[in-house]
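Side-chain atoms are counted along with the backbone in the values below, which use heavy atoms only and exclude waters and symmetry mates.
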Amino acid sequence: MIKSLVLIVSFAMIVGCNNEFEKISKEKITYKMPLAHSLEFVEENVVDFSIINSGDIFIYELPFRYSYESMGAIISDTIKYDYVIFNKNEEFGYLVRSFEDSFRLKVNIDSILSKRAYLHLNFDSLLSKALQNKLSKLENQASFKVSFKVIDARVDSMNFYFDDEQKNLKFSFSKKIDSAYNSKLFKVEFLYKKYDMPNADYINKFRLASFVLEKEEVKNRNEVQHFMSRFNKLGNLSSN
């Protein structure tokens with residue numbers, strides 16, 4: 001009888017832990033940018049990161065390439081992940097290499113997002129210029145595009161793509177922009193200025209960069225729930 005009670009209590013604790021973070025969402029931001037090595041060679045640089053959320057807890061999933069060479073030969077070339085977990089509206093969070101790591105390294109949320117996700121691009125500055133070119137949204141138009149010129153040393157023009165059906169996405173490229181158009185900005189395109197030099201015809205074909213926000217499936221739900229539960233026991237990070 002006692003063993004049965006212990007099993008029931010243990011099962012209830014496991015179920016309770018899982019139910020605590022039962023509703024989990026995941027969103028992915030992908031940044032594509034032309035990387036010019038020379039006038040004759042341009043490749044597309046793709047950087048992405050994901051945001052996992054349940055309640056007031058958020059996790060940034062930040063991929064990085066891990067390569068190991070020996071005697072000039074590549075032995076291993078894989079994609080690994082860092083994770084930053086934090087509470088909503090908190091300035092700091094914890095950076096870990098896996099969901100089983102201890103919470104030791106405290107990091108600034110905005111700083112690591114700028115370095116690892118936006119590649120130091122002054123995204124807010126470019127987005128804010130769109131407010132000066134605000135167009136009236138057509139009635140009953142759920143999905144629309146806004147284009148405008150930009151006064152910038154590198155960027156010639158930008159395209160903003162909005163969709164009312166994406167309003168349930170938690171991440172926002174700019175809350176001001178979403179509010180101004182009463183919709184959800186889910187894609188941004190940058191058209192870079194042309195190279196004004198001889199023999200630049202090839203490189204000028206690669207002038208488009210983009211940010212895209214979309215939903216993503218949560219495949220490791222149990223691991224995420226356990227990770228969030230461990231973090232939740234730490235309490236408010238600002239008081240530590």
| field | Residue list, side-chain contact (heavy atoms from CB on, under 4.5 Å) with Leu169, at least two apart or on another chain | value | Glu27, Gln166, Lys184, Leu213, Lys215
| task | Name all residues meeting the side-chain hydrogen bond (donor to acceptor under 3.5 Å, both in side chains) criterion together with Ser54; count only those two or more places apart in sequence or in a different chain, and write none if there are none. | result | none
| Who passes salt bridge (charged side-chain N to carboxylate O under 4.0 Å, His left out) against Glu189, sequence neighbours left out? | Lys187
| With Glu43, which residues qualify under side-chain hydrogen bond (donor to acceptor under 3.5 Å, both in side chains), at least two apart? | His37
| note | Those residues at least two apart in sequence (or on a different chain) that pass side-chain hydrogen bond (donor to acceptor under 3.5 Å, both in side chains) with Thr78 are none
| Going through the distances and angles, do Phe160 and Phe144 end up as a ring pair (Phe, Tyr, Trp, His ring centres under 6.0 Å)? | CA-CA 8 Å; Phe160 282 16; Phe144 58 99; over 10 Å; no
| said: According to ring-ring contact (aromatic ring centres under 6.0 Å, His included), who are the partners of Phe99, at least two apart in sequence or on a separate chain? | reply: Tyr83, Phe227
| Arg221: partners by salt bridge (charged side-chain N to carboxylate O under 4.0 Å, His left out), with sequence neighbours left out | none
| message | Which residues pass the side-chain hydrogen bond (donor to acceptor under 3.5 Å, both in side chains) test with Lys26, not counting sequence neighbours? | response | Glu61
| Under the side-chain contact (heavy atoms from CB on, under 4.5 Å) test, which residues partner Lys32, sequence neighbours left out? | Thr30, Glu44, Val46, Ser210
| remark: Across all chains, not counting sequence neighbours, the salt bridge (charged side-chain N to carboxylate O under 4.0 Å, His left out) partners of Asp56 are none
| Which residues satisfy the salt bridge (charged side-chain N to carboxylate O under 4.0 Å, His left out) test with Lys28, sequence neighbours excluded? | Asp48
| Among all residues two or more places apart in sequence or in another chain, which pass the ring-ring contact (aromatic ring centres under 6.0 Å, His included) test with Tyr161? | none
